[in-house]
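Notes to accompany the following structure.
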Amino acid sequence: MRYHFASIDSTNTWAKQNHPLFAKNQITLVTADTQTAGRGRFNRKWESPAKQNIYATFSFFVPPAQYALLGNIPQVLALSVVELLTDMGFHPKLKWPNDVLIAEKKVAGILCETTRADSLLCIILGVGLNVNMPLQHLRTIDRPATSLLAESGLTYDVETIIEQLQQCFEKNLNTLLLKGFSPFLDLFRHYVFTDKKIQFHANNRIWEGKIHSINEDGSLNLQLQSGKIKRFLSGEMLF
Ligand code: BTN
C-alpha cells in the first residue's frame, strides 16, 4: 500500500500517527512532494523543497524474535540506496551507521523510529534522498550536502527512483528478516569509510580515533588514540 501527499509535515510523523491503518504483513510506503517539518537525526531539520527530492517512509511490523536485527534495518535501507546509486553510475560511500555520501557530501539520510503495535513493533523508516536539489539550495545547508543533479548535471525522474528503491529495499528487507545481516556484511564493509581519522559523538562525549572495522552485527570498531579498540552500536561521525 502507498500513501502519497502533495504536502505533509513529515512522512515519518504521519506514519507514526497512522500506523493502525497499515496492513501487518506488508510494507506501507508513505511519500510526499514536500514536507513542512521534515526531520533528521538528532532533531535536525531536513530540507524538503517541493518535487525536487525523495521524502519516503517505509513502515512495517516486526515480532520480538527479530528485535536483534533492529540496528541493521536502516543499514540495509542505506545499502539499498547505495546499490541504486551505483547502478545509476554514481560512486557512493556509507558514513556509518547509515548516511549515504557522494564525494564526501551527504546525498541521503535515514531516520529510523519505532512505536509499539500490540505484540509487534512498528518500524518507521524514513529516507530523504536529494535528487534534483540545485547547488544554490544545497549551499544553504549547514553541513556538506549534495544531490544527484549537483554531482552529474542531470535531472532525474523522482517517481522512477522511488519505485526502484521500493523494489530494492523490499528484496533486501526480506533477505535480512530471513537470513540476518550476514548476506550484506561484505557489501556493507566495502562501502563504509574505514582507516579514516575522525571525531565520533556517542554516549554524550566526543571520541577521537580511526575507523577500524565493522563487526558481524554491523556495529562499529573505533581505534582510540590509546590504541584500544572500542565498539559502538550508535553514534555520529563528525566529518
Ligand atoms: C538524517 O540523516 O538526519 C535523516 C534524514 C531523514 C529524512 C527523511 S525525509 C522522509 C522522512 N520524513 C522525515 O521527516 N524525515 C525522513
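Whatever order the structure lists ligands and atoms in, that order sets their numbers, starting from 1.
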- Is the closest side-chain donor-acceptor distance between R39 and T13 under 3.5 Å? yes
- Item | Any side-chain donor near an acceptor of the partner, N172 and S80, under 3.5 Å | yes
- Parallel, tilted or perpendicular: ring planes of F22 versus Y3, cut at 30 and 60 degrees: tilted
- Are F5 and Y55 close enough that their ring centers fall under 6.0 Å? no
- Message: For K93, is there an ion pair with E104 - N to carboxylate O distance below 4.0 angstrom?
- Response: no
- In chain-and-number order, ligand 1 lies under 4.0 Å from a heavy atom of each of S10, T11, N12, Q35, G38, R39, G40, R41, W46, Y55, A56, T57, D99, K106, G109, I110, L111, G126, V127, G128
- Would you mind telling me which of F188, F239, F200 makes a ring-ring contact (aromatic ring centres under 6.0 Å, His included) with F193? F239
